[in-house]
Amino acid sequence: QAKESGRNRYRFFAASMNEQLNRQRQIAINLRQSLDRDEFHLVFQPQVDLRNQHIIACEALLRWQPKEAADWASPAEFIPVAERSDLIIRLGQWVIQAACRQVAKWRSQQLLPIRVDINVSGKQLQQPGFFNFFSETLAEYGLTPKDIGIELTENVLIGADQELLRRLTSLHESGMEVSIDDFGAGYSSLSYLKHFPVHTLKIDRAFVVEAPYQDKDKAILEAIVQVGHKLGLNIVVEGIETEQQAIFCQKLHCDLAQGYYFYKPMPANQLAELLAQPS
Ligand code: C2E
Ligand code: MG
Ligand code: MG
Ligand code: MG
């Protein structure tokens, strides 16, 4: 009896594993097709100064709209699939070009004098051509490293070799904003921060959600903010959904906030309209 149910459980597990693998394989095929058809766009989510709610910067987030609606997947699902293959390289280049093109357009219209940050995957960053491609694209659109920032996750930095750190340092010195994304979701060792050429910590949403009511999360958040500030880093909190969370983070002296409570990710023209309004 027990053996039988164990076997069934295994079969069930194997079947759902198989289903998952098939789905991932299909997503990879569809992504490749969509790259050829240009079925992607960027949306932009403002980051605000917690003291006065002024928009200081924004994050560009990739969106996929395949022709077949049934093929749709969220970034949380398709980015990891792309990262397991070379697709992330092409997608990453697409994002760099699209972001630069958009910022150049805004600049030429005297709109949006704020920085736009893009997400860069580990595999993309480690690609030998990444830094050249990035700087050539900036130059092609007449932009400087101050116009576009990059967000990297902790594990990318932890796994970085000397060569990568050297290149990141030179980006950093050229004035490009380098942020650690999802801080707190990984190893979150504060001590390694002193070695990395970064300006900003983006604290993962997971900490912020519970912190107003959860003493341990609050203590961790407080410690991250204090150490971060002592190291001269900007603190951005992600995923602010309520006024209570916003006030709480402001009291902890976090610098910037990003989240649905302030603004959801929006299309380029909507952001331009928003910033054209007198504040
Ligand atoms: P991320 O870089 O940490 O981006 C923040 C995510 O949180 C975004 O999800 C954003 O829409 C979402 N978010 C913002 N405010 C709130 C809030 O108040 N509540 C909640 N629940 N969520 C909020 P999105 O756009 O679905 O992207 C998910 C992840 O996919 C990103 O996390 C990033 O890791 C990855 N990603 C997105 N675009 C790109 C890209 O162009 N390149 C790469 N390599 N990764 C990307
Ligand atoms: Mg990000
Ligand atoms: Mg994040
Ligand atoms: Mg995240």
Side-chain angles (χ1 to χ4, degrees), residues 45 47 49 56-62 79 83 88-89 91-93 95-97 99-100 103 113-141 143-205 207 220-221 223-238 253-258:
Q45 186 177 31
Q47 292 175 7
D49 185 328
I56 301 296
C58 66
E59 177 175 12
L61 293 157
L62 186 58
I79 295 284
E83 281 172 343
I88 195 64
I89 309 300
L91 265 181
Q93 290 179 337
V95 170
I96 290 172
Q97 273 169 334
C100 287
V103 172
I114 60 168
R115 196 187 71 239
V116 174
D117 292 340
I118 58 172
N119 291 283
V120 175
S121 292
K123 201 168 184 177
Q124 188 188 353
L125 191 73
Q126 275 145 12
Q127 191 72 3
F130 171 80
F131 289 88
N132 277 340
F133 182 85
F134 199 4
S135 58
E136 279 164 17
T137 310
L138 283 171
E140 184 187 334
Y141 287 99
L143 301 178
T144 74
K146 289 193 175 62
D147 294 319
I148 308 270
I150 57 174
E151 297 190 359
L152 311 169
T153 54
E154 295 170 74
N155 46 348
V156 172
L157 289 170
I158 289 168
D161 59 16
Q162 287 307 310
E163 171 64 11
L164 188 58
L165 284 181
R166 202 181 55 71
R167 284 168 173 268
L168 276 177
T169 303
S170 85
L171 272 191
H172 184 257
E173 282 166 358
S174 72
M176 181 173 287
E177 183 92 5
V178 182
S179 303
I180 300 187
D181 204 355
D182 303 338
F183 189 79
Y187 295 93
S188 329
S189 158
L190 288 165
S191 66
Y192 73 65
L193 289 176
K194 69 176 184 198
H195 302 300
F196 293 137
V198 300
H199 297 93
T200 298
L201 289 186
K202 292 190 80 175
I203 300 179
D204 197 68
R205 176 171 176 267
F207 278 109
I220 295 171
L221 192 58
I224 294 175
V225 175
Q226 276 176 19
V227 176
H229 278 162
K230 283 195 177 137
L231 292 171
L233 302 169
N234 273 322
I235 307 290
V236 181
V237 281
E238 287 194 291
H253 304 293
C254 298
D255 303 293
L256 303 186
Q258 184 179 338

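Side chain of Asn132 to backbone of Gly129: no donor-acceptor contact under 3.5 angstrom is found. In this structure, the side chain of Gln45 does not engage the main chain of Cys58 through any donor-acceptor pair within 3.5 Å. With hydrogens and angles disregarded, no donor-acceptor distance shorter than 3.5 Å links the side chain of Ser179 to the backbone of Asp181.
Screening Ile96, Asp117, Asn119, Leu168 against Ile150 for a side-chain contact (heavy atoms from CB on, under 4.5 Å) leaves a single residue, Leu168.
Under 4.0 Å is where a charged nitrogen must lie from a carboxylate oxygen, and between Arg205 and Glu238 no such pair does.
Donor-acceptor pairing under 3.5 Å is lacking for the side chains of Gln47 and Glu59. Ser121 and Glu83 share a donor-acceptor pair across their side chains, judged by distance under 3.5 Å alone.
Contact of the Leu193 side chain with the Ile180 side chain is registered, since non-hydrogen atoms from C-beta on lie closer than 4.5 Å. Within the 4.5 Å cutoff, the side chain of Gln258 has no heavy atoms near those of the Val237 side chain. At least one side-chain heavy atom of Phe134 sits less than 4.5 Å from a side-chain heavy atom of Ile148.
The side chain to side chain contact (heavy atoms under 4.5 Å, CB included) check on His229 picks up Val225, Ile235, His253, Asp255, with sequence neighbours excluded. Looking at residues two or more places apart in sequence or on another chain, you find a side chain to side chain contact (heavy atoms under 4.5 Å, CB included) between Asp49 and Arg51, Asn52, Ile56, Leu256. Here Ala60 pairs with Leu42, Phe44, Val116, Ile118 under the side chain to side chain contact (heavy atoms under 4.5 Å, CB included) rule; sequence neighbours left out.
Taking all atoms of both residues into account, the shortest heavy-atom contact from Tyr141 to Gln97 is CE1-O, 4.2 Å. Closest non-hydrogen pair, Leu138 versus Pro145, comes out as CD1-CA, 4.1 Å.
Other residues, nucleotides and ligands contribute only 12 or fewer heavy atoms inside 6.0 Å of the CD atom of Gln162.
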